[in-house]
Amino acid sequence: MSVDDVEHTLFVCRQVNLYRVPPKATAGGHKSGEWKVADKIFTGRLKLTAKGEAAEVRLEDSDTGDLFAMCPVPHGQRDIAVEPASDSSRNFVLRVVDPVSKRHAFLGLGFSERHEAFDFNVALSDHEKHMQRAKEVSSAASSAASGSSMAPAIAQSDAAALYKKQDLSLKEGQTIKIAMKRPSSAEGGGMLASLGGGSKGTGGSAVLKPLAPPPSYTPTQGQQGQQSGGAQQSQGSNSHSLLGNDFSDFAGAPAPAASQPQSKQSPATPSSWATF
């Protein structure tokens, strides 16, 4: 028994619906929106099988397994046998054929779920791709068998000439020289040379130069005014706490105006002195 005599089941859906479809009005394809609920003629199981290159879509009764309709899908004629609806990805139009009279009719196929319609379409596509690859392999094998036997030998010799094995290992007694750049004595060595601040110390070891001090801090005019005002306030509070109650007259005396000169200030009277 050859592989072509074995029947393979590619896809099974437990429940699908079949409808009567009106004739195609335009070249745009069948529209499932025109199918009516009253036009539903069958509800049952769908099975996609393959035997060799030919595939078949069988519509069977879910309980008894009796065949209701069959849609053969010849290799290379998938679009004729199973035509997708132009307005829905869940519906197709099948070209069913009577096995006895060979008469055909077009029926609408509807899936309840979108993923079921997707799996059905993918199973048909994978079968066609598998058959196409099988044809290519068989044609390549037949052409290789009918061709000259010298062709593989010529190709093999060309490949050997292109990829000739060469022995690049060192023989006994052979040496190689590698030129490496060494840092000079003025430059120092290692990490110190890369820093750029190294100098020769005692014993030939490179030492780092001391780092520059941080920049001096110069306060601005606004900051100087704030600092002087804060110092005066602190001095005034300190003097007031030191004098206590005995020198309250001096602490409570008003300060002279800044605009009056010192020569015009009135001399202190004896009554302004505190009594000890």
Side-chain angles (χ1 to χ4, degrees), residues 2-140 142:
S2 62
V3 180
D4 295 340
D5 296 336
V6 180
E7 184 177 275
H8 303 276
T9 301
L10 305 178
F11 175 76
V12 176
C13 183
R14 294 183 178 181
Q15 185 175 357
V16 295
N17 298 320
L18 284 182
Y19 299 87
R20 294 189 184 95
V21 297
K24 187 187 302 184
T26 61
H30 293 274
K31 294 183 178 180
S32 61
E34 300 175 354
W35 304 348
K36 300 178 181 180
V37 180
D39 294 335
K40 184 169 64 173
I41 60 176
F42 177 77
T43 299
R45 180 176 59 200
L46 180 142
K47 182 184 293 185
L48 175 62
T49 61
K51 191 175 182 180
E53 292 184 356
E56 289 181 354
V57 180
R58 296 179 181 179
L59 300 166
E60 303 173 348
D61 188 275
S62 302
D63 299 329
T64 62
D66 295 339
L67 181 64
F68 177 80
M70 181 181 64
C71 172
V73 185
H75 181 69
Q77 300 181 10
R78 172 191 167 193
D79 294 336
I80 298 175
V82 182
E83 180 182 356
S86 60
D87 59 346
S88 177
S89 60
R90 294 188 295 108
N91 301 320
F92 301 86
V93 176
L94 303 180
R95 184 180 182 270
V96 297
V97 179
D98 187 3
V100 180
S101 62
K102 302 300 180 183
R103 297 175 62 182
H104 69 273
F106 293 96
L107 296 178
L109 171 66
F111 289 91
S112 301
E113 301 293 338
R114 196 175 302 277
H115 67 87
E116 295 175 347
F118 176 78
D119 294 342
F120 171 70
N121 197 19
V122 168
L124 284 171
S125 178
D126 289 347
H127 174 69
E128 285 193 347
K129 292 178 181 179
H130 177 69
M131 291 295 102
Q132 185 65 28
R133 287 195 296 267
K135 278 189 175 182
E136 292 176 358
V137 170
S138 61
S139 62
S142 60

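Scope of the values below: all heavy atoms of this structure, side chains included, with no hydrogens, waters or symmetry mates. Start at 1 with the first residue, then count along the sequence.
Heavy-atom minimum distance, Leu124 versus Arg78: CB-NE, 3.8 Å. Shown here for His75 and Met131, the closest heavy-atom pair between the two residues is CE1-CB, 3.6 Å. Considering every non-hydrogen atom in both Ser112 and Gln15, the closest pair reads OG-O, 4.4 Å. Minimum interatomic distance between Gly29 and Glu83 (heavy atoms only, all atoms of both residues): CA-OE2, 3.8 Å. The two residues Val12 and Lys47 have their closest heavy-atom pair at CG2-CG, 4.1 Å. The shortest non-hydrogen separation linking Glu34 to Pro22 is OE1-CG, 3.9 Å.
A distance of 6.0 Å separates CG in Asp66 from CG in Asp61, rounded to the nearest 0.5 Å. Taking SG of Cys13 as the start and CD of Glu113 as the end, the distance is 9.0 Å to the nearest 0.5 Å. Interatomic distance, Leu46 CG to Glu116 CD, rounded to the nearest 0.5 Å: 10.0 Å. Put simply, NE2 on His104 and CE on Met70 are 14.0 Å apart, with the number rounded to the nearest 0.5 Å. Note that CG of Asp119 and CG of Asp126 are 10.5 Å apart. Values are rounded to the nearest 0.5 Å. Between the CD1 atom in Ile41 and the CG atom in Leu59 there is a gap of 9.5 Å [rounded to 0.5 Å].
The backbone N or O of Arg103 sits nowhere less than 3.5 Å from a side-chain atom of Asp98 that would complete a donor-acceptor pair. Judged by distance alone, with hydrogens and angles left aside, the side-chain atoms of Thr49 form no donor-acceptor pair with the main-chain N or O of His8 at under 3.5 Å.
The only member of Val57, Leu107, Leu109 that meets side chain to side chain contact (heavy atoms under 4.5 Å, CB included) when paired with Cys71 is Val57.
Taking the six-membered ring for Trp and thresholds of 30 and 60 degrees, Phe92 and Phe111 have ring planes more than 60 degrees apart, a perpendicular arrangement.
The closest side-chain heavy-atom distance from Trp35 to Asn91 is below 4.5 Å. Residues Leu18 and Val96 are not in side-chain contact: their nearest non-hydrogen atoms beyond the backbone lie 4.5 Å or more apart.
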Open item on the list: For Arg45 and Glu60: C-alpha separation, side-chain torsions, deciding distance, then whether salt bridge (Lys or Arg N to Asp or Glu O under 4.0 Å) applies.
Closed with: CA-CA 5 Å; Arg45 180 176 59 200; Glu60 303 173 348; 2.9 Å; yes
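For Phe118, the ring pair (Phe, Tyr, Trp, His ring centres under 6.0 Å) criterion is met by no residue, not counting sequence neighbours. Listed by chain and number, the residues in a salt bridge (charged side-chain N to carboxylate O under 4.0 Å, His left out) with Glu56 are Arg58 (sequence neighbours excluded).
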